[in-house]
Asker: 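My questions all concern the structure below.
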Amino acid sequence: MKKKLLLVLAIILCIIGAVFYIYDYSSDEATQKGGDLYKTVMKRGYLIVGVKTDSKPFGFIDTGGVNAGFDVDLAHRIAKELFHDPAKVKFVAVSDSERMYILNLNKVDMVIATMTITPARQNFADFSNAYYITGQSLLVRTGSTIRSLADLSDKNVGVIFGSTAEQTIKFLLPSAHVMGYKTYDEAYTALKSGKILGITSDDAILRNYSMKDGSVKLLPKKYSRDSYGVAFRRGSESSYMIDVVNNVISDMDNQGEFIKLRRKWQLD
Ligand code: GLU
């Protein structure tokens, strides 16, 4: 009788263990393994979104210590669609080089981080439709003799680690000395001190520096066409959520919400 009881107890413990293993209840996981992203998010009651904190005006920390910017507003708009409450979103800071890794570690539900949709990235993530178009350009010191990327041959130029511009300049100008920085502010400090002669990245992000500081200027030429998309883990788990986000993007387009956002963040 006692043996039977112990056996039943052991079976119950095994079942409980298996359930915990399948659902993996570790607290920082955005998605239960193999689960549908939309269902997981709705059950949790809020979104977890990876955003930049150094990329004004897309993702930055405002004077009140709160996440702000174009990408942050898009995240709030998606939360509004899902929960009828734009506040139902938790932000996780991501950098260019870490955003794909953080996404695939299940730390976030999606990444909205000035991320260009590229064929190489599509091997590791699924993307929404494009929500913003920009292009790679070059920020230099005012009065600099550098007038284009070609003038940077054998010169130091700054890029952000993991950005599309890092790849593009190595391809377009292999003779440039490319120096990588983790954040835009670090690259900007290096430009101001003369350590590098230019920073190459998205026009939409670099423009923020030339707008607030007359000692640097943005050259008008664009070297690429970059479409920003919301990134998701690859596979069917994300497909319904991608549909939801694509609907939000097309509604925002049709209802003039993106125009208002571009105006709000001085992007037009
Ligand atoms: N859009 C570019 C990229 O996805 C660069 C912008 C950024 O620094 O995030 O690599």
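Here, residue 1 is the first one in the sequence, and each next residue gets the next number. Since the structure is predicted, the reported quantities are computational estimates derived from the model, not experimental observations.
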Asker: According to a hydrophobic-cluster definition based on side-chain heavy atoms being under 4.5 Å apart (Ile, Leu, Val, Met, Phe, Trp, Tyr only), do Tyr181 and Leu197 belong together?
Answerer: no
Asker: Report yes or no: does Asn208 contribute a side-chain atom to a donor-acceptor pair with the main-chain N or O of Pro57 at less than 3.5 Å?
Answerer: no
Asker: Give every residue pair that meets the side chain to side chain donor-acceptor pair (under 3.5 Å) criterion with at least one member in residues 56-71, sequence neighbours excluded.
Answerer: Asp71-Tyr131
Asker: Asp203 side chain to Thr134 main-chain N or O, any donor-acceptor pair under 3.5 Å?
Answerer: no
Asker: Can Thr164 and Asp226 be said to form a side chain to side chain donor-acceptor pair (under 3.5 Å), step by step?
Answerer: CA-CA 9 Å; Thr164 43; Asp226 286 54; 3.1 Å; yes
Asker: Keeping Ser238 on the side-chain end and Arg233 on the backbone end, is there a donor-acceptor pair under 3.5 Å?
Answerer: yes
Asker: With a 3.5 Å distance limit and no angle check, can you tell me whether Thr142 reaches the backbone of Gly214 through a side-chain donor-acceptor pair?
Answerer: yes
Asker: Please find the pair of heavy atoms, one from Ala120 and one from Phe124, that lie closest to each other, and give the distance.
Answerer: O-CD1, 3.5 Å
Asker: If you round to the nearest 0.5 Å, how far is CZ of Phe70 from CZ of Phe258?
Answerer: 5.5 Å
Asker: Test side chain to side chain contact (heavy atoms under 4.5 Å, CB included) on Phe232 and Ser239 and set out the steps.
Answerer: CA-CA 9 Å; Phe232 298 86; Ser239 54; over 6 Å; no
Asker: Decide yes or no on side chain to side chain contact (heavy atoms under 4.5 Å, CB included) for His177 and Asp154, but give the supporting numbers first.
Answerer: CA-CA 6 Å; His177 303 155; Asp154 289 323; 4.2 Å; yes
Asker: Is it possible for you to say whether Ile259 and Trp265 belong to one hydrophobic cluster, with membership spreading through side-chain heavy-atom contacts below 4.5 Å?
Answerer: no
Asker: Check whether any side-chain N or O of Arg141 sits under 3.5 Å from a backbone N or O of Leu191 as a donor-acceptor pair, and report yes or no.
Answerer: yes
Asker: How close do Ser201 and Ala165 get, heavy atom to heavy atom, and via which atoms?
Answerer: CA-CB, 3.8 Å
Asker: If you define the side chain from C-beta out and look only at heavy atoms, does anything of Asn247 sit under 4.5 Å from Glu81?
Answerer: no
Asker: Answer yes if Val159 and Leu138 sit in the same cluster of Ile, Leu, Val, Met, Phe, Trp and Tyr residues linked by side chain heavy atoms under 4.5 Å apart, and no otherwise.
Answerer: yes
Asker: Taking all heavy atoms of Arg225 and all of Ser227, pick out the closest pair and write down the distance.
Answerer: NH1-OG, 3.9 Å
Asker: With side chains defined as the heavy atoms from C-beta onward, is the minimum distance between Ile112 and Ile78 less than 4.5 Å?
Answerer: yes
Asker: Main chain of Ala176, side chain of Ser153: is a donor-acceptor contact present, judged purely on distance under 3.5 Å?
Answerer: no
Asker: List in chain and number order the residues that pass salt bridge (Lys or Arg N to Asp or Glu O under 4.0 Å) with Asp268, two or more places apart in sequence or in another chain; answer none if no residue qualifies.
Answerer: Arg262
Asker: So which heavy atom on Thr53 is nearest to which on Ala93, and how close?
Answerer: CG2-CB, 3.7 Å
Asker: Considering only residues two or more places apart or on different chains, which pairs with a residue in residues 210-223 satisfy side chain to side chain donor-acceptor pair (under 3.5 Å)?
Answerer: Tyr188-Asp213, Lys192-Asp213, Lys192-Ser215, Asp213-Ser215
Asker: Quick one, Phe83 and Val41 - any side-chain contact, counting heavy atoms below 4.5 Å?
Answerer: yes
Asker: To the nearest 0.5 Å, tell me how far Leu219 CG sits from Ser144 OG.
Answerer: 7.5 Å
Asker: Got a second to check how far Lys52's NZ is from Tyr184's OH, nearest 0.5 Å?
Answerer: 5.0 Å
Asker: Please list, chain by chain and in numerical order, all residues satisfying ring-ring contact (aromatic ring centres under 6.0 Å, His included) with Tyr228, sequence neighbours excluded.
Answerer: Phe58, Tyr132
Asker: Test your reading of the model: is there a side-chain donor-acceptor pair from Arg207 to the backbone of Ala204, 3.5 Å cut-off?
Answerer: no
Asker: When rounded to the nearest 0.5 angstrom, what distance separates OG1 in Thr200 from CG in Leu152?
Answerer: 8.5 Å
Asker: So, for Leu218 and Ser137, which heavy atoms are closest and what is the spacing to 0.1 Å?
Answerer: CD1-OG, 3.2 Å
Asker: Do Met252 and Val245 land in one hydrophobic cluster if side-chain heavy atoms of ILVMFWY residues count as linked below 4.5 Å?
Answerer: yes
Asker: Between Leu37 and Asp109, does the side chain to side chain contact (heavy atoms under 4.5 Å, CB included) criterion hold? Intermediate values first, please.
Answerer: CA-CA 7 Å; Leu37 177 62; Asp109 299 320; 3.6 Å; yes
Asker: Taking ring-ring contact (aromatic ring centres under 6.0 Å, His included) as the definition, give me every residue that meets it alongside Tyr240, ordered by chain and number, with sequence neighbours left out.
Answerer: Tyr38
Asker: State plainly whether one hydrophobic cluster holds both Val230 and Met42, where clusters connect Ile, Leu, Val, Met, Phe, Trp and Tyr through side-chain heavy atoms under 4.5 angstrom apart.
Answerer: yes
Asker: Start with the C-alpha gap between Glu186 and Lys195, add the side-chain angles, then the distance that decides, and say whether salt bridge (charged side-chain N to carboxylate O under 4.0 Å, His left out) holds.
Answerer: CA-CA 11 Å; Glu186 285 168 40; Lys195 215 168 165 190; over 6 Å; no
Asker: Going by side chain to side chain donor-acceptor pair (under 3.5 Å), name the pairs with one or both residues in residues 248-261, residues two or more places apart or in two chains.
Answerer: Arg77-Glu257
Asker: Out of curiosity, Arg99 CZ to Thr114 OG1, how far, rounded to the nearest 0.5 Å?
Answerer: 5.5 Å
Asker: Could you give the distance from OG1 (Thr118) to CG (Asn123), rounded to the nearest 0.5 Å?
Answerer: 8.5 Å
Asker: Is it true that Thr183 and Asp185 share a donor-acceptor pair across their side chains at a distance under 3.5 Å?
Answerer: no
Asker: Run the side chain to side chain contact (heavy atoms under 4.5 Å, CB included) test on Thr116 and Arg121 for me, step by step, so that the C-alpha distance in whole Å, both residues' side-chain angles and the decisive distance to 0.1 Å come before the verdict.
Answerer: CA-CA 9 Å; Thr116 301; Arg121 286 175 180 164; 3.7 Å; yes
Asker: Which heavy atom of Ala113 sits nearest a heavy atom of Gly50, and at what distance?
Answerer: CB-O, 4.2 Å
